[in-house]
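Please read the structure below before turning to the comments.
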Amino acid sequence: MASSSSSSSSPNPTQLHLSPHATRTQKLPRTLPLRTPAAARGGAVAGDDRSAPPRPRSMSSYVESLQNGTIPDTFTFPPLLKSLSDSNALLEGETIHAHVVKMGFERDLYVRNNLIRLYAVCGDLVSAHNLFDQFPQRDVVSWTTLISGYSKMGLLEQAIEVFLCMVDEGFAAADAVAIVAVLAACAKLGDLDLGRRVHRYVDSSRIKLDVFAWNALISMYAKCGDIDSAYKCFKKMPRRNVVSWNAMISGFVRAGEFERALSLFKRMQGEGIEPDDATLVGVLNSCASLGALEMGRWVHVYVVRIGSKADGVLGNALVDMYAKCGMIDHAMQVFDEMRKRDVYAYTSMIVGLAMHGRGEKALNLFNEMLRVGISPNRVTFVGVLSACTHAGLVELGLRHFEDMSSVYNITPQLEHYGCVVDMLGRAGYLDRAREFIRAMPVEPDAFIWGSLLGACKIHGEVAMGESVMKHLLTVENEEDGSYVLLSNIYAANNRCHDSNRVRKAMRRKKVKKTPGCSSIEIDGVVHEFGVKKKMEA
DNA sequence: TTAGGGTTAG
């Protein structure tokens, strides 16, 4: 690439050195997946006979103005290119690019940055990067556009490498917007160490953060699993908007801290901040996990009162909340009233029905989903396999399991193998379940063996239970559940002596039974309670 | 006059 690096050889105190390779000769990433314009549009696939999208209005206006004899100037192209980017109109964008070159406006930084953005958002990172490289004159907007383009395409290492190149080589000074772009890439990558270094870089180089950048920091920490640092940022930021609250509430949800999520939501209400869909989704997720039905209902009433449609992400969260709070008919009602149902809506409902033992209804819904042309995903199959388990439809379940990879190109994960083991085991096919585990291409985990141990308990299979327990102990560390289950298998088969032996072993190994814990919601407040006295094994 | 950014799913 053309170099416009700072010529100073003295060390820059704010130099980032984020990467162990930061001192090597910097080359921008070039190993990019080539995408055809059609693929980049995200539309055309084999056998797709949809008609071409209509020409964007901005393009028609441009053509009309040319026909009226208007001569374009540098100010003509940025808004036009922005509009084409927003409608993913790569072909029209390429036409405009040709006009730009022909009229000699390609050197204009505003025009070129807009062209880089057009190619980047349409997924053609090769053209975006080529254009970026073509002229030495670039600014922080050019760099940020490229970083963001890579990040949005999921090319996160490349996004970070471009950022490192920019700051370590001194090509441009990072500002709050560039920081947001690179933090988003760190968050998607889940790279906490890198995110922390970017934060330190921000502090040392005294970049003035705005509310967007603070929100990006909260989100980065939350997505990388450091909820305490996220909360520190939330408390420290000088000004907050609704996204700040949403980022923190969803961060608590992600961390499994549902009470803190609800408590923050109440604080948000106390401060008079109007919640939006993202807030309510976070609140509903917490309600679903805590069984806080009253609060979940309050959200539903609120959604209706403000005239919002319970569609999209919010509708799905409502379905999920009602299903997990035991109100499957309410879940079904919300689902039925949704105008547009996507794979998430169907999956929430299928999983919910399966959880409630309505296997056949779940399977009917799965068939309906296929009929209307929605492709299932990984989680849909968790629901489908679980529905087959509850309906006792073992052979059908095995066919669905086969179809996952052969028809839908979804590689089964441990959770799916677990479902099949559970399905075979509950139906009494313990040998088949054992054989299935043996043939698994992935190492069985504690849940897989635990499912089989559970089946041994149901069917009184003492010998297999003992053997499974050995496997279980090789993959989990002194977990109480397995010991208790084996002890119960013995007890249910009148082998009290063996049952006591297992309990004694638990005491000897200091395995404590986790005290039972439950929660109840009174007046919208979730109270958690458990057994106070430490339970004796 | 014109360009880059943050939150929400089973």
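So that the names make sense, note that chain A is the first sequence line, chain B the second, and so on, each numbered from 1.
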Answer with base, sugar-phosphate or nothing: what part of the nucleic acid does A:Ala323 contact at a heavy-atom distance below 4.0 Å?
-> nothing
Compare all side-chain heavy atoms of A:Ser308 with those of A:Asp277 and state whether any distance is below 4.5 angstrom.
-> yes
Separation of B:dT8 C1' from A:Met268 CE (nearest whole Å) | 12 Å
Could A:Lys223 and A:Asp191 be called an ion pair, given the rule that one side-chain N must be under 4.0 Å from one carboxylate O?
-> no
In whole angstroms, how far is the C1' atom of B:dT2 from the CG atom of A:Asp139?
-> 13 Å
Any side-chain N or O of A:Lys152 less than 4.0 Å from the OP1 or OP2 oxygen of B:dG5?
-> yes
Mind telling me whether A:Phe366 and A:His400 have parallel, tilted or perpendicular rings, with 30° and 60° as the class edges?
-> perpendicular
Answer yes or no: does a side-chain N or O of A:Lys223 lie under 4.0 Å from OP1 or OP2 of B:dT8?
-> yes
To the nearest Å, how far apart are A:Leu318 CG and B:dT8 C1'?
-> 13 Å
Ignoring the backbone of A:Ala176, work out which of B:dG5, B:dT2, B:dA9 is nearest its side chain.
-> B:dG5
Compute both the distance and the angle, then confirm whether A:Arg341 meets the cation-pi test with A:Phe335: under 6.0 Å from the six-membered ring centre, within 45 degrees of the axis.
-> yes
Set of side chain to side chain donor-acceptor pair (under 3.5 Å) partners for A:Gln137, sequence neighbours left out = none
Checking A:Thr144, A:Thr145, A:Asp139 against A:Asn113 for side-chain hydrogen bond (donor to acceptor under 3.5 Å, both in side chains), the one that qualifies is A:Asp139
Going by modelled atom types, is there a donor-acceptor pair between the base of B:dG6 and the side chain of A:Asn246 at under 3.5 Å?
-> no
Assess A:Arg196 against A:Tyr221: is NZ or CZ under 6.0 Å from the centre of the six-membered ring, and within 45 degrees of the ring's axis?
-> no
Picking from B:dA9, B:dT7, B:dG4, the nucleotide nearest the side-chain atoms of A:Ala278 would be B:dT7
Output, in order, the C-alpha distance, side-chain angles, deciding distance and verdict of side-chain contact (heavy atoms from CB on, under 4.5 Å) for A:Val334 and A:Glu337.
-> CA-CA 5 Å; A:Val334 175; A:Glu337 286 169 4; 5.6 Å; no
Close residues, residues 107-116 of chain A, relative to DNA chain B [heavy-atom separation under 4.0 Å] = A:Tyr110, A:Asn113, A:Asn114
NA contact type, A:Asn316, heavy-atom cut-off 4.0 Å: base, sugar-phosphate, or nothing?
-> base
Atom-to-atom span, CG of A:Leu146 to C1' of B:dG5 - whole angstrom = 15 Å
Figure out the CE/C1' separation between A:Met166 and B:dG5, and round it to whole Å.
-> 12 Å
Starting at atom CE of A:Met237, determine the distance to atom P of B:dG6, rounded to an integer number of angstrom.
-> 14 Å
For the pair made of CZ in A:Arg138 and P in B:dG4, what is the distance, rounded to whole Å?
-> 19 Å
Between the side-chain atoms of A:Asp175 and the base atoms of B:dG4, is any donor-acceptor pair under 3.5 Å?
-> yes
Hey, does A:Val382 reach any base, or is it just sugar-phosphate, or nothing, if we go heavy atoms under 4.0 Å?
-> nothing
Taking the side chain of A:Val313 as heavy atoms from C-beta outward, which of B:dA9, B:dG4, B:dT2 is closest to it?
-> B:dA9
Candidate nucleotides B:dA3, B:dT7, B:dA9, ranked by approach to the side chain of A:Val281 - the nearest | B:dA9
OP1 or OP2 of B:dG4 less than 4.0 angstrom from a side-chain nitrogen or oxygen of A:Arg117, does that happen here?
-> yes
Classify the side chain of A:Asp210 versus the base of B:dG5 as yes if they form a donor-acceptor pair under 3.5 Å and no if they do not.
-> yes
Between the base of B:dG4 and the side chain of A:Thr145, is there a donor-acceptor distance below 3.5 Å?
-> no
Closest to the side chain of A:Phe212, out of B:dA9, B:dT2, B:dG5, is B:dG5
Base, sugar-phosphate, or nothing for A:Thr74, non-hydrogen atoms under 4.0 angstrom?
-> base
Indicate, with a heavy-atom threshold strictly under 4.0 Å, whether A:Arg254 touches base, sugar-phosphate, or nothing.
-> sugar-phosphate
Mind checking A:Ser348 for me? I need base, sugar-phosphate or nothing, with any heavy atom below 4.0 Å counting as a touch.
-> sugar-phosphate
Closest to the side chain of A:Phe75, out of B:dT1, B:dT7, B:dG5, is B:dT1
Report the distance from atom NZ of A:Lys82 to atom C1' of B:dG5, rounded to the nearest whole Å.
-> 12 Å
Would you confirm whether the ring centroid of A:Tyr110 sits within less than 6.0 angstrom of the ring centroid of A:Phe77?
-> no
Checking all strands, does A:Ser142 fall into the base, sugar-phosphate, or nothing category for heavy-atom contacts under 4.0 angstrom?
-> nothing
According to a strict under-4.0 Å criterion, is A:Ser219 in side-chain N/O contact with OP1 or OP2 of B:dG6?
-> no
